[in-house]
Amino acid sequence: MSKGLPKRSENYSEWYNELVKRADLAEHSAVKGCMVIKPYGYAIWEKMQRALDDMFKATGHQNAYFPLFVPKSFLEKEEEHAEGFAKECAVVTHYRLKKNPDGAGLIVDPDAKLEEELIVRPTSEAVIWNTYKGWIQSWRDLPLLINQWANVVRWEMRTRLFLRTTEFLWQEGHTAHATSEEAIEETERMLGVYATFAEEWMALPVLKGLKSANERFAGAIETYCIEALMQDGKALQSGTSHFLGQNFAKSFDVKFVNKDNQPEYAWATSWGVSTRLMGALIMAHSDDNGLVLPPRLAPVQTVIVPIYRSEEDLAVISERINPIVERLKSLGVSVKYDADDKYKPGYKFAEYELRGVPVRLAIGMRDLENGTVEVARRDTLSKETIALDGIEEKIVALLDEIQANIYQKALAFREANTFQIDSWDEFKVQIEKGGFIEAHWDGTSETEERIKAETKATIRLIPLETNQESGTCVYSGAPSKQRVVFARSY
RNA sequence: CGGGGCGUAGCACAGCCUGGUAGUGCGCUCGGUUUGGGACCGAGAGGUCGGAUGUUCGAAUCAUCUCGCCCCGACCA
């Protein structure tokens, strides 16, 4: 048992906040709304980055880097885009400080006012499409498939560690294509990459779909998304992929000459996932004892704790364990042998549990005599004593089993918390309990807004793969062609 | 922006109402005993009480102002 971690059932958000801090993932910084990602949390993010980056490269993308600052005039060019982000921009107005002539410290030098304000990027469409103007002339320059790993700033009113911070880390893909069809194909391809990553690496089942017009990215023709269900019954948008049409090409005058020697505007996509995925990972799997990490993203997949009374005992145990550590490493398992004398085994057990290490081995003199080892798995909290011989292969198999089990558990949770609702009364009752609600919707923004105003539920997505099933809108009673997914969300 | 809370040792907090030697737990240092689910004993080190001003013989404590952070809302691709 971990000391004093709040219970999910009693106060979910306090549980989340405490867990993030206690598991050493992140902490609040001295700067409002901004967090410090600590080494253990960053190690998980790095594993996510690595896996995603490999997937981007495998689908033909290259990394590049664009400026942190966006001149205000660039941001203004795409009107909807500008309007969508205007309310949450950090603005640089000066470039110099000076000694305070009236006292101690520094003041902003009034003589150092910028001619044009710079916006700290909330996203990079503007600066990137301004750049693409110089890169794209001919159909031969297309498709242009670029990704950037970066930080962005969105001045949200209220923040939460990982889920919504003023500054956050993400990747943003920005591609340019010769045809609408190609761009849509790209948009859908990257949504698929995100879904695959969520399911295979994060062990997080996600729904794929389209956003309604209200929820669409500012400046997009169509926004695709993946949505996951958290343990408190709220939805979390975990990734988005946008078909931007020719909006940005027109705003930034990015034209190419096609094979018929005719000028055309390029077609665009953008897609991103952020450190918010860390929040999804934490909330989807963890329990009242702490973090539960899927093995594929765990910085330490297996920890080995020796139990000993004397230095001599430890030497004997280490002699037996060291080759096992080497063998595990050669099998690609990230393993830590924790022979640190500073803490007792009980402390270590609790600590590794809190940090979500998938597999823990404990071995003492008693085991050495019996040729056994105690194997504890984090996902089920179960322990068993098994033969030490051949332990390496068993661990490799066990890690796979845990990865699959965590996914199945999350999937079962989502299925148990997905409801088809056909009456407004039932809708209002169910939304209080949480979960995904599949209901008919008449397709109008007005209805969507009224539902939101009355229940705080939003349309999370319009499913991509769905049985076309006609019905009547759960709110207005007007005809509907398919069910959409409602939920309260983060 | 509204509501609430907090700012005192590295961390978590008490003390404030009723002004008078700045405390407790964890952590840290040293010594010893311990080690199969967060060990114990002993001895130590460590604080401009967020900041400013005022009241007072005297302010962590009272008053005024101010800065900052957190939580709940509103907001949010």
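Order of the sequence lines sets the chain letters (A, B, ...), proteins ahead of strands, with each chain counted from 1.
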Participant: For A:Arg8, check salt bridge (charged side-chain N to carboxylate O under 4.0 Å, His left out) against everything at least two apart and list the hits.
Facilitator: A:Asp288
Participant: Suppose you measure atom C1' in B:U18 against the same atom in B:C13; what distance do you get, rounded to whole Å?
Facilitator: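 Roughly 22 Å separates the two C1' atoms.
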Participant: With 3.5 Å as the limit, what N/O pairs link the protein to nucleotides 66-76 of chain B?
Facilitator:
from: B:C69; atom 1: OP1; to: A:Lys32; atom 2: N; distance (Å): 2.8
from: B:C70; atom 1: OP1; to: A:His28; atom 2: ND1; distance (Å): 3.4
from: B:C72; atom 1: OP1; to: A:Ser13; atom 2: OG; distance (Å): 3.0
from: B:C72; atom 1: OP2; to: A:Arg158; atom 2: NH1; distance (Å): 2.6
from: B:C72; atom 1: OP2; to: A:Arg158; atom 2: NH2; distance (Å): 2.0
from: B:C72; atom 1: O5'; to: A:Arg158; atom 2: NH2; distance (Å): 3.3
from: B:C76; atom 1: O2'; to: A:Glu156; atom 2: OE2; distance (Å): 3.4
from: B:C76; atom 1: O2; to: A:Arg164; atom 2: NE; distance (Å): 2.6
from: B:C76; atom 1: O2; to: A:Arg164; atom 2: NH1; distance (Å): 3.2
from: B:C76; atom 1: O2; to: A:Arg164; atom 2: NH2; distance (Å): 2.4
from: B:C76; atom 1: N3; to: A:Arg164; atom 2: NH2; distance (Å): 3.4

Participant: Please report, rounded to the nearest Å, how far the P atom of B:G37 is from the CD atom of A:Glu353.
Facilitator: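 Taking atom P of B:G37 as the reference, CD of A:Glu353 is at 12 Å.
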Participant: Please check if the number of heavy atoms outside A:Lys234 that lie under 6.0 Å from its NZ is greater than 12.
Facilitator: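 Result for NZ/A:Lys234: enclosed.
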Participant: Is the closest side-chain heavy-atom distance between A:Pro122 and A:Val152 below 4.5 Å?
Facilitator: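 No, every pair of side-chain atoms sits at 4.5 Å or beyond.
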Participant: Answer with yes or no whether the side chains of A:Glu117 and A:Thr93 bring together a donor and an acceptor at under 3.5 Å.
Facilitator: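 A:Glu117 and A:Thr93 do not have a side-chain donor-acceptor pair below 3.5 Å.
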Participant: Distances under 3.5 Å between protein N/O atoms and the N/O atoms of nucleotides 39-46 of chain B, please, pair by pair.
Facilitator:
from: B:A39; atom 1: O4'; to: A:Lys344; atom 2: NZ; distance (Å): 3.1

Participant: How is A:Phe243 classified with respect to the nucleic acid when contacts are heavy atoms under 4.0 Å: base, sugar-phosphate, or nothing?
Facilitator: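 Counting heavy atoms under 4.0 Å across all strands, no contact is made by A:Phe243.
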Participant: Using atom P in both nucleotides, what's the gap between B:C49 and B:U8 to the nearest angstrom?
Facilitator: 11 Å
Participant: If you measure only the distance, is there a donor-acceptor pair under 3.5 Å linking the side chains of A:Asp232 and A:Tyr490?
Facilitator: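 The answer is yes; a qualifying pair exists.
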Participant: In whole Å, measure the gap between the C1' atoms of B:U29 and B:C16 for me.
Facilitator: 33 Å
Participant: Return one dot-bracket line describing RNA chain B 5' to 3' (Watson-Crick or G-U wobble pairs, both distances under 3.5 Å; ( ) same strand, [ ] crossing, | another strand, . none).
Facilitator: ((((((((.[[[[.)....(..]]]].((((((.....)))))).....[[[[[..)....]]]]])))))))....
Participant: Please state the P separation for the pair B:G27 and B:A63 - nearest whole angstrom.
Facilitator: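 Pairwise P distance, B:G27 against B:A63, rounds to 37 Å.
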Participant: Side-chain contact test, heavy atoms from C-beta onward, threshold under 4.5 Å: evaluate it for A:Lys433 versus A:Gln430 and give yes or no.
Facilitator: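 With C-beta onward as the side chain, the pair touches.
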Participant: How would you list, by chain and number, every residue that makes a side-chain contact (heavy atoms from CB on, under 4.5 Å) with A:Ala218, sequence neighbours excluded?
Facilitator: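 In terms of side-chain contact (heavy atoms from CB on, under 4.5 Å), with neighbours along the sequence ignored, A:Ala218 is linked to A:Phe85.
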Participant: Is the shortest distance from a Lys or Arg side-chain nitrogen in A:Glu353 or A:Arg378 to a carboxylate oxygen in the other one below 4.0 Å?
Facilitator: no
Participant: Any chance the rings of A:Phe248 and A:His81 have centres within less than 6.0 Å?
Facilitator: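 Distance test on ring centres: under 6.0 Å, yes.
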Participant: How far does the P atom of B:U64 sit from the matching atom of B:U21, given to the nearest Å?
Facilitator: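 To the nearest whole Å, 25 Å.
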Participant: Would you say the side chain of A:Trp155 lies within less than 4.5 Å of the side chain of A:Val153, judging by non-hydrogen atoms?
Facilitator: yes
Participant: Hey, are A:Thr385 and A:Glu374 close enough side-chain-wise for a donor-acceptor pair under 3.5 Å?
Facilitator: no
Participant: Do A:Arg121 and A:Asn151 have side-chain N/O donor and acceptor atoms under 3.5 Å apart?
Facilitator: yes
Participant: A:Asp338 has an atom CG; how far is it from atom P of B:G38, in whole Å?
Facilitator: 16 Å
Participant: For RNA chain B, which residues of residues 307-315 of chain A approach it to below 4.0 angstrom with any heavy atom?
Facilitator: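 A:Ile307, A:Tyr308, A:Arg309 - these, ordered by number, are the residues of the stretch whose heavy atoms sit under 4.0 Å from the strand.
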Participant: Can you name the one residue among A:Phe436, A:Phe427, A:Tyr475, A:Trp441 that meets ring-ring contact (aromatic ring centres under 6.0 Å, His included) with A:Phe486?
Facilitator: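 Among A:Phe436, A:Phe427, A:Tyr475, A:Trp441, the one meeting ring-ring contact (aromatic ring centres under 6.0 Å, His included) with A:Phe486 is A:Phe427.
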Participant: Compute the ring centroids of A:Phe217 and A:Trp271, then answer whether they are less than 6.0 Å apart.
Facilitator: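 No, they do not, as the ring centres are separated by 6.0 Å or more.
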Participant: Hey, which sits more toward the 5' end of RNA chain B by its nearest nucleotide, A:His242 or A:Phe349?
Facilitator: A:Phe349
Participant: Could you tell me how far B:C62 sits from B:G73 if I compare only their P atoms? Round to whole Å.
Facilitator: 31 Å
Participant: What interatomic distance, in whole Å, is found between C1' of B:U34 and the corresponding atom of B:G7?
Facilitator: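 It works out to 40 Å between them.
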Participant: Given the P atoms of B:C17 and B:C30, what is the spacing between them in whole Å?
Facilitator: 41 Å
